[in-house]
There are 2 protein chains.
Amino acid sequence: MSTPRGARARARTEVTAAIKDEARRQLAAEGAPRLSLRAVARELGMVSSALYRYFPSRDDLLTALIIDAYDALGEAAEAADARAGDMAPAQRWVAVCEAVRGWALAHPHEYALIYGSPVPGYSAPETTIPAASRVGVLLFGIVRDAHRQRGVARTPLPAELEPEARRMTDDLAPDLPPEVVTAGVAAWAQLFGLVGFEVFGQFNRVVEDREEFFRHAAARLAHGVGLVFP
Amino acid sequence: MSTPRGARARARTEVTAAIKDEARRQLAAEGAPRLSLRAVARELGMVSSALYRYFPSRDDLLTALIIDAYDALGEAAEAADARAGDMAPAQRWVAVCEAVRGWALAHPHEYALIYGSPVPGYSAPETTIPAASRVGVLLFGIVRDAHRQRGVARTPLPAELEPEARRMTDDLAPDLPPEVVTAGVAAWAQLFGLVGFEVFGQFNRVVEDREEFFRHAAARLAHGVGLVFP
DNA sequence: GGAAAACTGTGAGCGCTGCTCTCGCTGAAC
DNA sequence: GTTCAGCGAGAGCAGCGCTCACAGTTTTCC
């Protein structure tokens with residue numbers, strides 16, 4: 001991050017960034033399966049084997065792009081929440097959902113990289129966890145604010161789910177009621193169901209006015225976690 | 001389907017089936033990106049180029065597997081519904097959701113093939129549409145039954161969504177109220193959000209007792225489309 | 001029944017891929 | 001100033017999807 005010591009180190013960070021940039025370009029243009037190390041190297045005017053000095057394998061390059069994608073999505077969501085800062089929690093929730101959808105539609109291949117099929121034989125390393133949690137953390141932050149302001153609506157939990165609900169609550173948001181945490185986790189997954197279906201074309205010939213449809217669905221999601229519209 | 005005319009035709013259908021079987025085996029073991037035409041041919045004791053007499057390209061073979069996967073999932077869902085035939089619609093809904101989840105967990109790579117990232121530069125041909133619709137059709141059938149029996153709960157729709165809601169209703173279920181159809185489409189997508197998050201590992205370190213969690217979420221989905229538990 | 005046409009498997013080959021290894025060069029640390 | 005780690009070049013390996021000319025077999029048609 002700060003001053004690299006010598007010209008060599010500086011060059012290294014620059015080349016690394018250039019590789020990631022070109023890889024991201026190819027990813028956006030062609031999708032992850034078509035991302036080729038050799039093509040990246042070719043475009044950068046270097047020989048393919050040189051690239052292995054920077055990323056030990058194609059998967060490592062992909063991992064770097066995955067983290068970047070999670071971060072870009074998280075940033076878009078957080079920016080939308082900041083813009084909606086003085087609105088009611090329910091409206092902030094919808095704004096964040098719409099930002100997630102907007103980013104996904106603008107970057108379908110990067111979205112597919114993080115929320116589509118995982119690359120087989122490769123499990124995302126620990127490094128990705130913080131970046132991957134940003135949207136979830138943000139959504140729970142909104143619910144927490146709502147809870148502080150005026151409490152949230154709660155629907156009872158079946159007895160069999162209570163141990164798990166308590167566990168999730170301790171892990172994710174000890175200051176919220178377990179019913180709300182459970183509903184929040186479900187809503188989090190369901191949000192990406194809506195977005196994924198749209199991005200991956202499952203809504204073709206089914207939903208036409210997808211923006212309006214999504215806004216409504218996101219609002220109902222908010223309702224489901226106990227947020228109320230003023 | 002019926003009697004093939006000659007020995008040649010019979011052989012052709014047999015070889016075609018053998019190729020699909022072996023391909024499905026490799027798909028289940030390694031995932032779609034690792035599915036290799038040459039490996040399939042090798043395993044079948046034929047030379048790779050011979051395989052092109054049966055499937056003009058790797059994508060065509062994948063398409064065949066996609067249709068099969070949609071059908072297998074649809075069949076699992078329909079079987080579950082049949083087993084729950086005399087229960088209340090809400091319970092049938094949950095049973096179908098659980099069947100979808102169960103199939104997806106048992107066949108993660110085939111699930112990824114149909115509900116994960118689409119293969120870039122390849123759009124699923126029209127042929128896949130009927131198979132792909134089976135789960136949705138089934139879910140709407142349950143809602144329809146509930147509606148016939150005693151009506152379903154309805155939450156009002158915002159004015160901006162009404163044209164689209166009417167459009168979807170005409171297309172999908174003209175005998176149901178637009179509010180219900182809209183909620184049904186959303187629930188359909190959200191179901192696959194829940195399933196996808198579990199299959200693709202997004203629930204790792206978040207949800208532990210996933211079966212119980214899912215059952216509850218599916219029940220809330222049912223509630224969202226107006227189904228009531230007796 | 002026999003000629004013509006359609007179908008099927010073979011093997012070589014093209015251009016691409018991820019990845020490895022050895023080789024010289026060069027900037028940096030002691 | 002020497003030593004050494006880091007770097008790029010280039011050749012090469014095994015694998016991939018796919019094409020093509022060829023030979024053998026089955027079906028079709030007269």
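Quick caveat: nothing in here was measured; it's all calculated off a predicted structure. Chain letters run A, B, ... following the sequence lines, proteins first, then strands; residues in each count from 1.
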Got a list of side-chain donor-acceptor pairs under 3.5 Å for residues 200-219 of chain B, not counting sequence neighbours?
from, atom 1, to, atom 2, distance (Å)
B:Q202, NE2, A:Y70, OH, 3.0
B:N204, OD1, B:R210, NH2, 3.4
B:N204, ND2, B:G201, O, 3.4
B:R205, NH2, A:E126, OE2, 3.3
B:D209, OD1, B:E212, N, 3.3
B:R210, NE, B:V207, O, 2.8
B:R210, NH2, B:V207, O, 3.3
B:E212, OE2, B:R215, NE, 3.3
B:R215, NH1, B:E98, OE2, 2.7

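- One interatomic measurement links the two molecules: CZ of B:F55 to C1' of C:dT8, which rounds to 15 Å at whole-angstrom precision.
- Remark: P of D:dT19 and CG of B:L37 are 11 Å apart, rounded to the nearest angstrom.
- Note: CZ (A:R34) to P (C:dT17) measures 12 Å, nearest angstrom.
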Mind listing the side-chain donor-acceptor pairs of residues 37-57 of chain B below 3.5 Å, one per line with the distance, residues two or more places apart or on another chain?
from, atom 1, to, atom 2, distance (Å)
B:S57, OG, B:D59, N, 3.2
B:S57, OG, B:D60, N, 3.3
B:S57, OG, B:D60, OD1, 2.7

**Q.** Contact state string [nucleotides 3-15 of chain D, B base, S sugar-phosphate only, - no protein heavy atom under 4.0 Å]
**A.** --BBBBBB-B---

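- Note: CZ (A:R10) to P (C:dT26) measures 20 Å, nearest angstrom.
- Annotation: ring pair (Phe, Tyr, Trp, His ring centres under 6.0 Å) contacts of A:W103 (sequence neighbours excluded): A:H107.
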Can you give each donor-acceptor pair under 3.5 Å made by side-chain atoms of residues 180-197 of chain A, sequence neighbours left out, with the distance rounded to 0.1 Å?
from, atom 1, to, atom 2, distance (Å)
A:T182, OG1, A:P178, O, 2.8

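- Residue B:L35 is in sugar-phosphate contact alone, with no base atom involved, counting any heavy-atom pair closer than 4.0 Å across all strands shown.
- Legend: side-chain hydrogen bond (donor to acceptor under 3.5 Å, both in side chains) pairs involving residues 71-82 of chain A, not counting sequence neighbours, sorted by first then second residue: A:D71-A:R134, A:E78-A:R134, A:D81-A:R92.
- Whole-Å rounding puts the B:D59 CG to D:dG17 C1' distance at 10 Å.
- Using modelled atom types, one side-chain atom of B:R58 and one backbone atom of B:L35 make a donor-acceptor pair closer than 3.5 Å.
- Comparing A:P56 and A:A39 along DNA chain C, the residue whose closest nucleotide (by nearest heavy atom) sits nearer the 5' end is A:A39.
- When heavy atoms are screened at a 4.0 angstrom cut-off, B:L61 is found touching no nucleic acid atom at all.
- Here the C1' atom of nucleotide C:dT10 and the CG atom of B:L44 are 16 Å apart, to the nearest Å.
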